[in-house]
There are 2 protein chains.
Amino acid sequence: MNLGRDDVGAVLVALADPTRRHLLDTLAETGQASATALADRLPVSRQAVVKHLNVLLDAGLVSSGRAGREVLYQVRPEPLDESARWMADLAAAWDRRLHAIKRAAERRPM
Amino acid sequence: MNLGRDDVGAVLVALADPTRRHLLDTLAETGQASATALADRLPVSRQAVVKHLNVLLDAGLVSSGRAGREVLYQVRPEPLDESARWMADLAAAWDRRLHAIKRAAERRPM
DNA sequence: TCTTTGTGCAACCCTAGGGTTGCACAAACT
DNA sequence: AGTTTGTGCAACCCTAGGGTTGCACAAAGA
């Protein structure tokens with residue numbers, strides 16, 4: 001069931017792959033699905049799906065739980081808006097920096 | 001001077017690499033720097049830095065401009081909070097989906 | 001002019017990782 | 001019992017891409 005493995009880096013790596021994003025989309029719309037079920041809806045093999053799910057698992061973007069003989073996966077939003085915050089903060093920091101530089105340049109115009 | 005190449009995918013790929021994030025950090029704090037200058041402050045060769053800068057360029061995360069014989073790079077926040085918004089929206093969508101499913105399950109308890 | 005110093009281009013090395021197939025095992029179903 | 005169906009494990013292929021070195025060329029500086 002592994003709980004939130006934070007770390008923005010892992011999330012970025014996980015989301016960088018298009019197949020993985022596609023996988024997340026279909027998983028989000030089905031709400032709950034096994035690896036084989038997901039493989040049916042994607043243009044890749046089950047094993048490929050499993051590998052991707054593992055990457056997503058330790059980025060905390062999905063959680064897994066057993067139901068009988070099958071393993072069901074589910075999407076987890078938390079690390080996503082944690083990363084969103086991280087990005088927004090970074091963007092803000094860059095903004096401040098750039099404005100500071102611009103002001104300095106205007107004060108001493110070459 | 002290439003302007004905003006939006007596309008979230010490119011941004012994610014660009015940010016997925018740790019060296020690239022490090023590069024962006026140092027570039028943000030120096031405000032303005034050439035590839036060689038950046039290479040001095042990183043544990044990699046200039047050519048490696050150049051390659052990374054190109055990736056960042058077509059993600060729109062940096063802009064470049066010539067000053068005499070050297071090319072100066074600069075950080076660009078826009079695509080960053082565009083991506084931040086994208087992530088936040090996605091997280092919100094997932095949230096809605098999960099709650100909808102939960103409600104449905106409570107209405108019809110197995 | 002000669003010498004530095006920053007770019008650009010190209011070839012190359014090597015691992016990470018996205019993809020596959022095959023098989024063994026366990027849980028359901030008949 | 002025997003048969004299906006979903007997982008797990010392992011070996012394997014192959015390209016993308018992160019890293020390097022070497023060299024040619026142009027722009028500053030001496």
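The structure presented is a predicted model; accordingly, all values stated were derived computationally and were not measured. Chain naming here is simple, since letters A, B, ... match the order of the sequence lines and numbering starts at 1 in each.
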Practice item. Please state how far atom CG in Leu57(A) lies from atom C1' in dG8(D), giving the value in whole angstrom units. Key: 14 Å
Review point. When you check the phosphate oxygens OP1 and OP2 of dG17(D), does a side-chain N or O of His52(B) lie under 4.0 Å from one of them?
Key: no
Review point. Does the side chain of Thr19(B) get closer than 4.0 angstrom to OP1 or OP2 of dG18(D) through an N or O atom?
Key: no
Review point. Heavy atoms under 4.0 Å, any strand shown: does Val50(A) hit a base, just sugar-phosphate, or nothing?
Key: nothing
Exercise for review: Examine the base of dG19(C) for any acceptor or donor lying under 3.5 Å from a partner atom in the side chain of Lys51(A), and report the outcome as yes or no.
Suggested key: yes
Exercise for review: Could you tell me whether the side chain of His22(A) reaches within less than 4.5 Å of the side chain of Leu42(A), counting heavy atoms only?
Suggested key: yes
Review point. Rounded to whole angstroms, how far apart are CZ on Arg69(B) and C1' on dG8(C)?
Key: 14 Å
Review point. Is there a side-chain contact between Val8(B) and Leu12(B), using heavy atoms and a 4.5 Å cut-off?
Key: yes
Revision key, fill the gap. Here the distance between atom P of dT7(D) and atom CG of Asp40(A), to the nearest Å, is 10 Å
Point to revise | Paired nucleotide for dG8(D) [Watson-Crick or G-U wobble; both distances under 3.5 Å] | key: dC23(C)
Review point. For Arg66(B) and dG8(C), is the shortest distance between a side-chain N/O and OP1 or OP2 below 4.0 Å?
Key: yes
Point to revise | Distance-only donor-acceptor test, Arg46(A) side-chain atoms vs dG8(D) base atoms, 3.5 Å | key: yes
Check your understanding: Is the shortest side-chain N/O distance from Arg20(B) to OP1 or OP2 of dG18(D) below 4.0 Å?
Key -> yes
Review point. What are the two closest non-hydrogen atoms of Pro77(B) and Ala91(A), and how far apart are they?
Key: CB-O, 3.7 Å
Check your understanding: Arg21(B) CZ to dG18(D) C1': how many Å, rounded?
Key -> 14 Å
Point to revise | Side-chain heavy-atom pair Leu57(A), Tyr73(A) within 4.5 angstrom cut-off | key: yes
Practice item. Take atom CD of Gln47(B) and atom P of dC9(C), then tell me their distance rounded to the nearest Å. Key: 10 Å
Check your understanding: Looking at the side chain of Thr36(A), which of dG19(C), dG6(D), dG8(D) is the nearest nucleotide?
Key -> dG6(D)
Point to revise | Minimum heavy-atom distance Arg21(B)-Leu15(B), with the two atoms named | key: NH1-O, 2.6 Å
Exercise for review: Please state how far atom CG in Leu56(A) lies from atom P in dG17(C), giving the value in whole angstrom units.
Suggested key: 14 Å
Exercise for review: Please check the phosphate of dT21(C) (OP1 and OP2 only) for any side-chain N or O of Ser45(A) closer than 4.0 Å.
Suggested key: no
Review point. For the pair made of CG in Asn54(B) and C1' in dT7(C), what is the distance, rounded to whole Å?
Key: 12 Å
Review point. At under 4.0 Å between heavy atoms, what does Glu70(A) touch on the DNA or RNA strands: base, sugar-phosphate, or nothing?
Key: sugar-phosphate
Practice item. Take atom CG of Leu42(A) and atom P of dT20(C), then tell me their distance rounded to the nearest Å. Key: 11 Å
Check your understanding: Starting at the 5' end of DNA chain C and moving along, which residue's nearest nucleotide shows up first, Pro43(A) or Gly68(A)?
Key -> Pro43(A)
